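If you're wondering where the values come from, they're calculated on a predicted model, not measured in any experiment.
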Amino acid sequence: MTTAEHLPDLAPLRQARQRFLAGRPLPDGVPDDLVAAWRRARFFGVRPDLEGPVRESVADPVDSPLLEAARPALTRLAPVLDVERSALVLTDERLRVLWSTGSAPGDDTCRDLSEREVGHNSAALALRTRRRAEVHGPEHFLDVWQDVSAVSVPLLSPQTGKALGTVTVASGLCAGCRPHPGAVLAEAIATAVEAELRARARTPERALLDAYERAARGRERAVVALDGRNRLVSEAAVRLASPQVLEALERGARACVSWTGEAYDIPLPEDAGCTAEITPVRHEGRVLGLVAVLAPRPLEPVPSPRRPVSSLVGSSVPWRHAVARAMSLALTTGPVLVVGERGTGKTTLALELFADTAPLVVDAAEAPELGLKDDERSGMGVRPAEDWGRTGDRPLLLRHAERLAQPDVAALNALLDERPDAHLVVTYTPGTSPGPCLQRLLDTLAARSVTLPALRERPEDIRELLQALAPAPAPGSPPLTWTLDALRALERHPWPGNVTELAHLLRALASQRRVSGPVRRSELPDPVREGPAGRSLSPMELAERAAILEALRRHGGNKARAAAALGIARATLYRKLREYQGRDALTVP
């Protein structure tokens, strides 16, 4: 998808779309998420040569609270629109058009902007990503929008944060515009509508919202506000607080009516990974809710009475959060899905989730056709699917779910339908697009999943891992130590094999090294010593680099604010900065 800061040359995308519609292989460089959007449109049966209007919106504009709140802003700001060349559209949360004005190619074609009806468009993208989105020309699926550029901004409820609809400005194709010329108007209308919604909120809810906004003071603080009915959670709190923490705060909010002091303690789960400073929210002399400001706290080392767990070493925030979430899920009944690239430590973590119980380990990479429904094949050491998950049965660790044969995936789906509390841990390495049957299994487990970060996303853990993974030195020999230059090379390497690759490197050094003293950079393998290989950036990477540079320039080099403006996590921005710096492709202010 294009970003709001840079629009790449559309000619390659136009050719790629034609190849897609013709069923021909796509060229390299087409964004994966754009291809996925086109495939969804084809799956939904959307015709690219759509003619005539899609079914009329079933929403009644007269009875729409969103339209009622938005009408003053639309009436006040719509006159600045060039109605002969552009269109302004308001949709509800189901992307049904509630109101429109102006004229743009295809604007009279669709009264329903959902992907099921018209395929990829900026309104659907904005609603899904919950941030401003642009779609230009051939990125659209419909023929009628091939010469249209559109920008959409989601409308979020000030009370709950739920998406209520979108504001869209569509115009003729503007390939040289960055951002879309209608972006300012769409953002202004969205801000005005959300302000009107806030003003119309019930007074107690407004008091909770005001207390939340005072505590948040920007997007970097982890803040939760609750009153037993509504829950406001900042982006930082989403990353820091587990579902168990939010449930504990919810219970405290429901009991807060009896509070009389100014600050209170709510017991959080032992493995919460954070602390909470609680302040009650008062209205007209009574307590109606609470605001909790969360802060991370150091995690205790992961207990392992059975074996050392050096692969679980790490103190970075992404790693600590992933391990804490996995341990929290293991304390409750039900299956757990552990996702990550190869070598990130999925199996090591999965084994820790069984505590002192020895699980039955099944590896689909070794036997992709497990015959889970064939009793005669249970001699492989695999129990039939109908026996799994019974109370008291031996728990199961299933490795490499992406390699399972379809009949076995179907058997697992049936098992989880019958026994959703089965004691099962599944590891999955993303790669090629999963088939429908495997996708159903992943969707079933998604609510109880944890994704392990790649080693390149937590380079600050390299030094701890070096100590934990290094083989024990031979008697009379000193342990491996490192020069600063070697450490920097290790921290800059992308580690495609993650922790496993690092462990192999350490074993090779320990067995082959014939010199004493700290390991120097010159002793490292060529790919690690020389750093990430340089190469020419693709058009999409050039667009991404330009967007990053522009965001950093606008925010004076402040990476946290730049990440917020780009709509990405701060860790993602840091990773991209390291990648571009490694190729001398980006100079950071």
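- Side chain of Ser328 to main chain of Ala324: a donor-acceptor pair is present (N/O by atom type, distance under 3.5 Å, no hydrogens or angles).
- Shown here for Glu115 and Ala37, the closest heavy-atom pair between the two residues is OE2-CB, 4.2 Å.
- Panel note: side chain Arg251, backbone Leu246; no donor-acceptor pair is recorded below 3.5 Å.
- For Arg440 and Asp417, the salt-bridge test passes: some basic side-chain N is under 4.0 Å from an acidic carboxylate O.
- Looking only at side-chain heavy atoms (C-beta outward), Asp112 and Val97 stay at 4.5 Å or farther from each other.
- Side chain of Arg111 to main chain of Arg96: no donor-acceptor pair is present (N/O by atom type, distance under 3.5 Å, no hydrogens or angles).
- Looking at residues two or more places apart in sequence or on another chain, you find a side chain to side chain donor-acceptor pair (under 3.5 Å) between Thr166 and Thr91.
- Under the rule for a side chain to side chain donor-acceptor pair (under 3.5 Å), Glu194 has no partner lying at least two apart in sequence or in another chain.
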(request) Would you check, one step at a time, whether the test side chain to side chain contact (heavy atoms under 4.5 Å, CB included) holds for Thr168 with Leu88? (result) CA-CA 6 Å; Thr168 298; Leu88 176 62; over 6 Å; no
(request) Let me see the working for Glu187 and Arg132 under side chain to side chain contact (heavy atoms under 4.5 Å, CB included), right down to the final yes or no. (result) CA-CA 8 Å; Glu187 298 246 11; Arg132 192 180 82 196; 3.0 Å; yes
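- Other residues, nucleotides and ligands place more than 12 heavy atoms under 6.0 Å from the CZ atom of Phe44.
- Shortest non-hydrogen contact noted between Leu452 and Ala322 is CD2-CB, 4.0 Å.
- Counted within 6.0 Å of CZ on Arg561, heavy atoms from surrounding residues, nucleotides or ligands total 12 or fewer; the atom is thus considered open.
- Rounded to the nearest 0.5 angstrom, Leu81 CG and Arg85 CZ are separated by 12.0 Å.
- A 4.5 Å side-chain heavy-atom check between Glu139 and Arg17 finds every atom pair outside the cut-off.
- Remark: Arg40 does not engage Asp33 in a salt bridge, criterion side-chain N to carboxylate O under 4.0 Å.
- Inspection of the Arg448 and Thr332 side chains reveals an N or O donor paired with an N or O acceptor under 3.5 Å.
- Separating the CG atom in Leu197 from the CG atom in Leu156 is a distance of 10.0 Å, to the nearest 0.5 Å.
- The line from OH of Tyr428 to OG1 of Thr451 is 11.0 Å long, rounded to the nearest 0.5 Å.
- Between Trp38 and Phe20, the gap from one ring centroid to the other is short of 6.0 Å.
- Scanning both residues, Ala216 and Val223, for their nearest heavy atoms gives CA-CG2, 3.7 Å.
- If you run side chain to side chain contact (heavy atoms under 4.5 Å, CB included) between Val135 and each of Leu125, Asn121, Val151, only Leu125 comes through.
- For the atom pair Glu235 CD and Leu240 CG, the distance stands at 13.5 Å (nearest 0.5 Å).
- Between Arg39 and Ser433, the closest side-chain pair of non-hydrogen atoms falls below 4.5 Å.
- In summary, Glu93 and Lys162 do not engage in a salt bridge, as defined by a charged side-chain N under 4.0 Å from a carboxylate O.
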(request) Let me see the working for Leu424 and Leu416 under side chain to side chain contact (heavy atoms under 4.5 Å, CB included), right down to the final yes or no. (result) CA-CA 10 Å; Leu424 167 69; Leu416 294 175; 4.2 Å; yes
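- At least one donor-acceptor pair closer than 3.5 Å links the side chain of His140 to the backbone N or O of Trp145.
- Counting only N and O atoms by type, the side chains of Ser122 and Ser152 include a donor and acceptor under 3.5 Å apart.
- Minimum heavy-atom separation, Ala124 to Leu95: CA-CD1, 3.7 Å.
- At least one donor-acceptor pair under 3.5 Å links the side chain of Thr427 to the backbone N or O of His400.
- When only modelled atom types and interatomic distance are considered, Ser149 and His180 share no side-chain donor-acceptor pair under 3.5 Å.
- Salt-bridge annotation for Glu341 and Arg456: present, with a side-chain N of the basic residue lying under 4.0 Å from a carboxylate O of the acidic one.
- If you take CG on Leu226 and CZ on Arg231, they are separated by 6.0 Å, rounding to the nearest 0.5 Å.
- A search for salt bridge (Lys or Arg N to Asp or Glu O under 4.0 Å) contacts involving Asp443 returns nothing, not counting sequence neighbours.
- Residues Ser171 and Ser86 share a closest heavy-atom pair of CB-OG, 3.6 Å.
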(request) Decide yes or no on side chain to side chain contact (heavy atoms under 4.5 Å, CB included) for Val425 and Leu398, but give the supporting numbers first. (result) CA-CA 6 Å; Val425 177; Leu398 173 60; over 6 Å; no
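- For Gln18 (side chain) and Arg14 (main-chain N/O), no donor-acceptor pair under 3.5 Å exists by modelled atom type.
- Minimum interatomic distance between Gly119 and Ala41 (heavy atoms only, all atoms of both residues): CA-CB, 3.8 Å.
- The backbone N or O of Glu457 lies less than 3.5 Å from no partner atom in the side chain of Arg575, so there is not a single donor-acceptor pair.
- A salt bridge does not link Arg94 with Asp92: none of the charged nitrogens is closer than 4.0 Å to a carboxylate oxygen.
- Expressed to the nearest 0.5 Å, how far CG of Asp227 lies from CG of Leu232 amounts to 8.0 Å.
- No hydrogens or angles considered: a donor-acceptor pair under 3.5 Å links the side chains of Glu134 and His136.
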